[in-house]
Trainee: 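Structure provided below as structure tokens; questions to follow.
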Amino acid sequence: MKRICVLAGDGIGPEVTECAVRVVGEATDQVEFVRAEIGQGALSAKGDALPEETFALMRSCDSSLFGAVTSPDRLDYVSPVLRFRKGLDLYANVRPVRSLVERPNRPPIDVVIVRENTEGMYTQNEVFDDLGVTTMRKVTRRACERIVDFAIDLTRSSGRRRITCVHKANVLRGSDGLFLSVFRERVGMLGKGLESSDQLVDSAALKLVTDPATFDVIVTLNLYGDILSDVAAGVAGGLGFAPSGNIGPKHSVFEPAHGSAPDIAGKGVANPTAAILAGAMMLRHIGLPGPASRIDQAVAATYASGHLTVDIGGRHGSQSFTDHVLRHL
Ligand code: ATP
């Protein structure tokens with residue numbers, strides 16, 4: 001039996017996480033769920049958005065399923081997401097985006113974005129002076145090596161063939177230059193049989209929109225991966241379509257790529273697809289590929305049979321969409 005720590009969080013987090021828990025629980029009897037607090041609820045009840053008992057539970061479980069948190073607009077606030085990514089050494093953020101519905105004037109997309117998850121612009125290391133603010137951006141050789149190795153492994157193990165390094169090494173010659181040269185080195189050593197290329201982040205953003213078939217697997221730095229995965233999700237239909245996994249040597253946390261969406265929270269209309277597919281990614285990661293594939297197929301079949309969510313012009317809210325996924329399951 002695998003233990004899963006469920007962290008619903010804020011905004012639409014609880015709404016979509018509940019849908020994912022229903023579907024995962026129906027797909028397999030090999031998991032049990034334990035719940036923990038994170039985000040604004042935890043901050044008001046315990047004075048910490050990521051209380052120690054939550055963190056301890058995440059460490060002791062086989063994996064975690066996370067919803068979303070809302071971050072208050074305070075300079076001294078460190079997001080619990082950044083804290084658990086760092087604290088659990090979740091160095092790889094994997095964001096697959098695949099079209100599930102045909103959309104007028106939008107090409108189909110099927111891409112996996114592998115994003116470095118521990119450094120870059122996301123260290124919240126900002127120095128204030130009279131002139132303004134300097135943000136420190138860290139790119140280490142070790143982080144580049146492990147994310148590139150991870151992406152090469154993932155490309156092979158998922159039956160994909162092409163890997164593209166996305167960077168801005170023509171301007172950030174030192175830091176992005178290091179990332180690009182590590183990519184070339186590691187692909188030379190480990191990427192036998194794979195096609196490899198590199199692309200500047202600005203033109204990659206354009207290509208993702210105009211010709212997404214250019215890409216199969218993208219490996220990139222933290223900020224670029226965050227932005228490009230939202231672009232890719234937009235091509236597929238919106239943020240409700242992009243699941244993600246934060247993966248490290250010992251621990252993992254799966255979540256929808258979207259945030260807490262305060263504008264639609266409490267209305268029951270959030271698209272739970274990203275959260276449900278994150279549940280499938282989690283099952284695959286913890287060694288339950290059969291139930292994972294059944295969930296992927298049930299979600300695809302739900303869309304194929306014309307049951308669409310509100311965000312792409314359908315009539316289904318979170319729960320009624322999930323009812324259809326369960327029927328297909
Ligand atoms: P946060 O600050 O927590 O990141 P946000 O609103 O800035 O929240 P998102 O939560 O990612 O960022 O939402 C961006 C937009 O996408 C919002 O208009 C939101 O309603 C929409 N959106 C996000 N997730 C979903 C979803 N699952 N279903 C439908 N729309 C969504």
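Every number for a ligand or one of its atoms is a count from 1 in the order of the listing. Values reported hereafter were calculated over all heavy atoms of this structure, with side chains retained and with hydrogens, waters and symmetry mates removed.
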Trainee: Mind checking the CZ-CG spacing from Arg186 to Leu190? Nearest 0.5 Å is all I need.
Mentor: 5.5 Å
Trainee: Distance to 0.1 Å, residue and atom name: give those for the protein heavy atom nearest to atom 25 (C) of ligand 1.
Mentor: Ile12 CD1, 3.9 Å
Trainee: Any idea which protein heavy atom is nearest atom 31 (C) of ligand 1, and the distance to it?
Mentor: Ile264 CD1, 3.9 Å
Trainee: Is any side-chain N of the basic residue among Asp176 and Lys168 closer than 4.0 Å to the acidic one's carboxylate O?
Mentor: no
Trainee: Considering both backbone and side-chain atoms of His258, is one of its nitrogen or oxygen atoms within less than 3.5 Å of a nitrogen or oxygen in ligand 1?
Mentor: yes
Trainee: So His285 and Phe254, would you call those rings parallel, tilted or perpendicular, with 30° and 60° as cut-offs?
Mentor: tilted
Trainee: For atom 1 (P) of ligand 1, what is the nearest protein heavy atom, given as residue, atom name and distance?
Mentor: Ser260 N, 3.8 Å
Trainee: Tell me the protein heavy atom at minimum distance from atom 16 (O) of ligand 1, and give that distance in Å.
Mentor: Leu239 CD1, 3.6 Å
Trainee: Among all protein heavy atoms in this structure, tell me which lies nearest to atom 9 (P) of ligand 1, with the distance rounded to 0.1 Å.
Mentor: Gly259 N, 3.6 Å
Trainee: Charged N to carboxylate O under 4.0 angstrom, Glu15 versus Arg22?
Mentor: no
Trainee: Once you round to the nearest 0.5 Å, how far does OG1 of Thr273 lie from CG of Leu239?
Mentor: 12.0 Å
Trainee: With Arg115 as the cation and Tyr122 as the aromatic partner, state whether NZ or CZ is under 6.0 Å from the six-membered ring centre and within 45° of the axis.
Mentor: yes
Trainee: Is at least one protein non-hydrogen atom found at under 4.0 angstrom from atom 7 (O) of ligand 1?
Mentor: no
Trainee: Looking only at heavy atoms, which two atoms of Phe321 and Pro272 are closest? And how far apart?
Mentor: CD2-CG, 3.8 Å
Trainee: Is at least one protein non-hydrogen atom found at under 4.0 angstrom from atom 21 (C) of ligand 1?
Mentor: no
Trainee: Please assess Glu116 against Thr220 for the test side chain to side chain donor-acceptor pair (under 3.5 Å), listing each intermediate value before the final yes or no.
Mentor: CA-CA 6 Å; Glu116 201 293 315; Thr220 191; over 6 Å; no
Trainee: Which atoms of ligand 1 are found less than 4.0 Å from any heavy atom of Pro262?
Mentor: 6 (O), 8 (O)
Trainee: Using a strict cut-off of 4.0 Å, indicate which atoms of ligand 1 neighbour a heavy atom of Val69.
Mentor: 3 (O)
Trainee: What closest approach, in Å, do Ile38 and Asp10 show between heavy atoms, and which atom pair accounts for it?
Mentor: O-OD1, 4.2 Å
Trainee: Below a 4.0 angstrom heavy-atom separation, can you tell me which part of Asn271, side chain or backbone, both or neither, approaches ligand 1?
Mentor: both
Trainee: Is there at least one pair of N or O atoms, one from Val269 and one from ligand 1, spaced under 3.5 Å apart?
Mentor: no
Trainee: What is the nearest protein non-hydrogen atom to atom 10 (O) of ligand 1, stated with its residue, atom name and distance?
Mentor: Ala261 N, 2.8 Å
Trainee: What residue and atom, counting heavy atoms only, is the protein's closest point to atom 19 (C) of ligand 1, and at what distance?
Mentor: Asp263 OD1, 3.4 Å
Trainee: Does at least one non-hydrogen atom of Asp230 fall below 4.0 angstrom from an atom of ligand 1?
Mentor: no
Trainee: Please report the closest heavy-atom contact between Pro256 and Ala278, naming both atoms and the distance.
Mentor: N-CB, 4.2 Å
Trainee: Using a 4.0 Å cutoff against the non-hydrogen atoms of Gly240, which atoms of ligand 1 qualify?
Mentor: 26 (C), 27 (N)
Trainee: Which atoms of ligand 1 sit under 4.0 Å from any heavy atom of Ala270?
Mentor: 28 (N)
